[in-house]
Amino acid sequence: MKIAIIGTGYVGLTTGACFAYLGHEVVCVDVDESKIAQLRAGESPIFEPHLDELIALCDGRLSFTTDYAEAIPGADAAFIAVGTPPLPDGNADLSYVDSAAESLGAHWDGGFLTVVNKSTVPIGSASRVETIVREAYGRQDGGAGGGELHVASNPEFLREGLAIHDSIYPDRVVIGVDDPRSAEVLHAVYQPILDQTFVPPPSVPRPEGLSAVPLVATDVASAELIKYASNGFLALKISFINEVGNLAERVGADIADVARGVGLDARIGPRFLRAGIGWGGSCYAKDTAALMAMAEEHGLEIPIIDSARAVNRRQRELVIEKLSEALGGLQGRRIGLLGLSFKPDTDDLRDAPSIEIANRLISAGAEVRLHDPIAMDRFRAEQRELAEFLCASPDEVAPGCDALVLVTEWRDYLALDWQRLAREMRRPLLFDGRHALDAATLAEAGFRYLSPTTPVSSLDAGRADGLTAAR
Ligand code: NAD
């Protein structure tokens, strides 16, 4: 199949590389000239494990351009994978999708084309895209408006950090399409994934026992809703365990054991049940907001999603409140944040809790020290006012700190020389925002351990050994 991918971000680039690896001819188009220049030079503009290797395995089937004329004419399918950030009212900003559809129509040759919305877009977006493409095409062919075009929905569920794995070994492929010929095109595009007929890339082996991937073939509106409902549910699961975590703290229960006991129920499942400082990233906040905005447009409320969002906001506040309580105020305290990306194995900083926490600490009069193993270059470029607080290593973060906060559970942080870090700090307090560290090991290293589910009162012993005196 000849495929055009519009947008070479986390989704578009991964999808393009995977399709090309599977044997399709793929042209990726992006309006960002610097991204395309980087890609043409063989560099990936994003950090995503194994993506560079996969691109290198594509044997000339993957190319990059800023020119739609090199991507669209003759394509069997054109996937739109541009951003859909939130508008202030919660609705998805469709301006990038509209502009991609406009450029697509202006370069379409009128041959049979399946346009695929891979971007997360509100219900009804397929017909919106079709109208824009047809109008743009009409302007180019003098208003004749001919040509066979269908717009399908193929939502994406990949997780950054595991994007290649999730793209070639997905839990399911969802395709919403109203035309049989377009359904055939999309089936041909996904056949190697659905039937698992490809040779796995060496660094991303096929999960044992996987021989086929379920296909959910449905109408366009259902496919569009599946994406929002999935993200809504995942957000809910995170906030649910955080609610239970807060209760666990009050009643003296161990949230890790509670989550394990709950998650072993096959109806519930163990994933997304780790209590902590809540979700971040480009999707959950915006997709839950869009879900609510869509419901409102149709005269409905979704209070359960509203609550999940409120809980998530509160989890971030909890970090500030607990640190303030533990340190007797934040004015003049020095706090080191370990981890800036919204989760490990990505350099994505969109809605990363680190940014809000750093800003709130600074507003409360604290000094911050920041580190991330991978995302510091992006952080420097996107968060200029915080860039001066970046440190080259955790060893540079710790000296003189009153507390360290594990914000992102990067593997690099799980086995730090905690004893050395504790010695360098003014007060060895560690706030484990992700319940990723072993409290006993930290205690042995000299740390006093705090987490979203441990009460500050558990530090009372620590106050006696110097915290109060040091205030
Ligand atoms: P991104 O911001 O990383 O990438 C978007 C790309 O589109 C950018 O490179 C931008 O330059 C390009 N672009 C913008 N307008 C363009 C145009 N008119 N023509 C060509 N290129 C254009 O975004 P992303 O994270 O890849 O997300 C893309 C979509 O996929 C969003 O709707 C998102 O909600 C959805 N999604 C994202 C993830 C994720 O984990 N990132 C997962 C599932 C779904």
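Reckoned from all heavy atoms, side chains included, excluding hydrogens, waters and symmetry mates. Residue indices begin at 1 and follow the sequence shown. In listed order, ligands and their atoms are each counted from 1.
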T120, L87, D351 screened by side-chain contact (heavy atoms from CB on, under 4.5 Å) with K286, the one that passes | T120

Check whether the side chains of [X] and [Y] place a donor and an acceptor atom closer than 3.5 Å, and report yes or no.
X: D432; Y: Y413; value: no
X: Y137; Y: H107; value: no
X: R378; Y: T346; value: no
X: Y21; Y: D59; value: no
X: H371; Y: S393; value: no
X: S203; Y: E53; value: yes
X: N246; Y: Q315; value: yes

To check your reading of the model: name the closest protein heavy atom to [atom], its residue, and the distance in Å.
atom: atom 18 (N) of ligand 1; value: S99 OG, 3.1 Å
atom: atom 28 (C) of ligand 1; value: V82 O, 3.4 Å
atom: atom 43 (C) of ligand 1; value: E156 O, 3.3 Å
atom: atom 7 (O) of ligand 1; value: G7 CA, 3.4 Å
atom: atom 19 (N) of ligand 1; value: Y68 OH, 2.6 Å
atom: atom 2 (O) of ligand 1; value: R350 NH1, 3.4 Å
atom: atom 35 (C) of ligand 1; value: T120 OG1, 3.5 Å
atom: atom 12 (C) of ligand 1; value: D30 OD2, 3.2 Å

A100 touching ligand 1 at heavy-atom level, < 4.0 angstrom | yes

Does ligand 1 have any atom that is closer than 4.0 Å to a heavy atom of K227?
-> yes

What atoms in ligand 1 come closer than 4.0 Å to a heavy atom of [X]?
X: G83; result: 5 (C)
X: L158; result: 40 (O), 42 (C)
X: C283; result: 37 (C), 38 (C), 39 (C), 42 (C)
X: Y96; result: 14 (C), 15 (N), 18 (N)
X: D32; result: 11 (O)
X: G9; result: 1 (P), 3 (O), 4 (O), 6 (C), 9 (O), 26 (O)
X: K286; result: 33 (C), 34 (O)
X: E160; result: 39 (C), 40 (O), 41 (N)

Minimum heavy-atom distance [X]-[Y], with the two atoms named:
X: P214; Y: D171; value: CD-O, 3.3 Å
X: S182; Y: V177; value: CB-CG2, 3.6 Å
X: P155; Y: K118; value: O-NZ, 4.0 Å

K35, portion touching ligand 1 at heavy-atom distance under 4.0 Å |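 Side chain only; the backbone of K35 stays clear of ligand 1.
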
Of the side chain and backbone of A81, name the one, both, or neither that has a heavy atom under 4.0 Å from an atom of ligand 1.
->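 Looking at A81 and ligand 1, just backbone atoms fall under 4.0 Å.
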
Are F240 and F272 an aromatic pair by the rule of ring centers under 6.0 Å?
-> no

Could you tell me whether some N/O pair between T84 and ligand 1 is separated by less than 3.5 angstrom?
-> yes

Geometric N/O contact D348 with ligand 1, under 3.5 angstrom | no

How many angstroms lie between CG in N312 and OG in S307, if you round to the nearest 0.5 Å?
->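 These two atoms lie 12.5 Å from each other.
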
To atom 38 (C) of ligand 1, the nearest of T15, T8, V11 on a heavy-atom basis is V11

Side-chain ion pair, D76 and K2, N-O less than 4.0 Å |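 Answer for the salt bridge query: no.
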
